[in-house]
Amino acid sequence: MNHAQPKKVLVAVAWPYAQGSLHLGHMAGAYLPSDIFARFRRSVGDDVLMVSGSDIHGTPITVKADDLGWTPQELVDKYHPEFLTYWKDLDIDWDLFTSTGTDTHKAVVQDFFLTLLENGHLYRDTSEQYFDETAERFLPDRYVEGTCPHCGYVDARGDQCDNCGRTLDPVDLINPRSKLSGATPVMRETEHFYWKLSAFNEPMAEWLSSLKGWRRHVVNFAVGMVDDGLHDRAFTRDLTWGVPLPVDDLGDGKSIYVWWEALMGYVSAAQEWSQIQGRPDAWKQWWHDPDAETYYFIGKDNIPFHAVYWPALIMGHGGLNLPTDVPANQYVTFGGQKASKSRGVGRPLGWYLDRFESDALRYALARSFPESNDTDLTDVEIARRINEELVATWGNLVNRVVSMTNRYFDGVVPEPGPLTDADQVILAGRGETLNDVSDLIYSVKLRSGIARAMEGASEANAYLSDMVPWSTAKTDMERTGTTLWVALQLIASNAIALWPYLPDTSSRVLSALGAPEFDRAPEWESPDVISGTKLADLGPLFAKVDLDTLT
RNA sequence: GGCGGCGUAGCUCAGCCGGUAAGAGCGCUCGACUCAUAAUCGAGAGGUCGGCAGUUCAAGUCUGCCCGCCGCUACCA
């Protein structure tokens with residue numbers, strides 16, 4: 001299934017907001033899927049560019065920083081490095097993980113703004129907004145609190161009442177007060193640039209109806225939004241912590257709305273990567289070449305931004321590639337509840353990273369990716385996946401074959417005798433496994449992909465049961481050698497099939513069997529394990545998880 | 001309130017445009033094996049596919065209603 005021509009593949013991943021730690025849900029939702037997909041596409045020879053970065057602007061950052069008595073930058077300086085440790089601990093292999101705080105990003109965003117302006121998609125308008133005179137800040141809806149006009153709840157937020165669930169407008173609140181200072185906010189006129197998003201109803205509807213192979217929940221949601229009608233949106237904010245406007249029409253204190261700006265980070269990150277490579281124009285191959293593919297790995301809460309707003313921004317800008325696919329994941333729940341730091345649901349990521357090997361955790365998560373539905377995950381379930389599937393089926397397969405090779409052939413890959421039909425059938429199965437896994441990953445069915453790869457391991461175990469090399473070793477060493485030679489081929493091939501998911505241990509297996517060295521990704525084909533090769537030491541691939549230590 | 005989704009074996013889940021006698025993994029039972037991290041292989045038990053009604057020659061698979069659960073609700077990110 002390899003492409004005749006290598007493709008440019010942009011793997012764009014949600015920008016984590018630099019005001020809090022990440023949890024397993026983020027990993028299962030976006031970061032791990034993107035890494036698996038990117039590794040696979042590198043293996044089949046495509047030119048992959050996988051980028052993301054910390055989203056550092058916006059009001060919530062400034063508010064959180066204020067709460068801590070920090071500057072926004074100090075907050076960013078805490079979380080951005082923390083994110084980097086996650087990637088290292090989970091083997092997330094970025095081409096670039098940057099932030100929205102770079103000069104390149106600022107330049108790209110301002111240029112994007114000017115292009116939209118030239119293309120007539122932006123206009124100026126004024127509105128009245130609540131202003132906190134104590135904090136000297138305009139207040140986003142959720143930072144205005146007051147009494148709900150519907151149910152009388154006294155702590156309703158300006159965007160929604162937590163008590164009765166109704167959507168609110170801040171001006172409807174009785175006795176409004178600022179969440180920042182507690183002061184009573186006043187209405188103040190403010191001028192902003194607005195984005196004529198309403199003009200994109202037609203083109204967006206047309207584009208959405210042309211999509212093929214997208215996940216149903218993603219398309220449904222986007223189509224639903226467009227059917228309801230897209231409204232113009234403010235493009236700028238009264239905020240200094242952000243990318244300033246490239247025009248001075250509005251005076252000081254205005255920034256480009258953090259969300260629009262963060263989306264443009266997919267372009268600026270590619271450019272920054274290009275500059276680092278010393279090929280400043282290289283990014284255009286991913287963004288301007290119509291043959292290039294672009295995948296956005298996000299959680300479902302980001303669907304509006306990646307399946308509607310960002311495509312509309314791209315259309316408004318012109319010349320840039322629209323998304324090939326937005327394989328948004330649903331949520332991982334913990335004991336039936338959405339992970340939430342504030343509500344204490346789900347453990348911090350570090351807790352898992354301290355207790356599980358990277359590949360083991362990657363395995364358990366990949367088998368539970370919420371690709372079509374919310375998926376419930378518990379610590380016991382993770383341990384079960386590791387112990388009873390990964391260790392028992394794959395780890396044990398490798399271990400038993402290597403052990404027998406050590407015992408019967410001094411750890412040297414034996415010379416095969418004549419191959420029986422059974423040998424040839426199972427050897428041919430290698431290609432089928434690789435093809436099946438390949439098809440599944442191409443269509444971003446990663447959960448099925450790893451399940452299929454594990455089937456390959458089960459088939460190899462069944463083969464060993466049929467061939468009983470431990471019995472034939474007493475009577476027929478040539479047959480035993482043939483069986484083990486076949487089994488070693490199977491293992492090497494299966495390590496390739498599992499490599500996007502389990503890069504660390506798969507690399508160790510391949511290396512121990514003397515498979516060809518590879519730089520960043522192995523070739524997606526069954527390697528030949530050569531007779532006479534001395535196997536390198538390879539202890540148990542995975543340690544079993546002790547359930548008692550997980551409490 | 002609006003929108004979207006979910007409810008299939010004990011558990012976690014597959015089942016695209018309706019059509020061979022309802023699936024997988026784990027757990028459980030039985031058997032085989034003993035090379036291997038008591039790991040593997042095989043066989044089996046186990047489900048009125050949330051409920052009611054309807055469309056159809058035929059419905060987990062379409063329609064309506066009901067019950068239960070969840071998410072989103074965009075000038076918050």
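Note on naming: letters A, B, ... go to the chains in the order of the sequence lines (proteins, then strands), and numbering restarts at 1 for each one.
Looking at A/Glu128 and A/Arg188, their side chains never come closer than 4.5 Å, going by heavy atoms from C-beta outward.
Atom CZ of A/Phe221 and atom P of B/U73 are 7 Å apart (whole Å). Atom C1' of nucleotide B/A24 and atom CG of A/Asp436 are separated by 16 Å, given to the nearest angstrom.
Here the separation of B/C3 from B/A74, taken at their C1' atoms, is 12 Å to the nearest Å. With both ends at atom P, the span from B/A59 to B/C72 equals 37 Å, rounded to whole Å. Nucleotides B/C75 and B/C11 have their P atoms positioned 40 Å apart, rounded to a whole Å.
Nucleic acid contact class of A/Pro304 (heavy atoms, under 4.0 Å, all strands): none.
Between A/Phe193 and A/Phe113, the distance from one ring center to the other falls under 6.0 angstrom. Checked against the 6.0 Å centroid threshold, A/Trp207 and A/Trp310 do not count as a close aromatic pair. A/Trp260 has its ring centre less than 6.0 Å from the ring centre of A/Trp195.
Under the Watson-Crick or G-U wobble criterion, with both distances below 3.5 Å, B/C13 is paired with B/G23. When both pairing distances are held under 3.5 Å, B/U63 makes a Watson-Crick or G-U pair with B/A53. If you check B/G47 for Watson-Crick or wobble pairing at under 3.5 angstrom, you find it has no partner at all. Pairing of B/U34, defined by two Watson-Crick or G-U wobble distances under 3.5 Å, is not identified with any nucleotide. Nucleotide B/G4 forms a pair with B/C70, judged by Watson-Crick or G-U wobble geometry with both contacts under 3.5 Å.
Listed nucleotides B/C72, B/C33, B/U40 differ in distance to A/Thr393; the shortest reach to its side chain belongs to B/U40. Set against B/A77, B/G5, B/A74, the side chain of A/Asn220 has B/G5 as its closest nucleotide.
Taking the six-membered ring where the residue is Trp, A/Trp241 and A/His57 present perpendicular rings, their angle passing 60° and hence far from 30°.
Close to B/C13, at under 4.0 Å from its OP1 or OP2, lies no side-chain N or O of A/Arg367.
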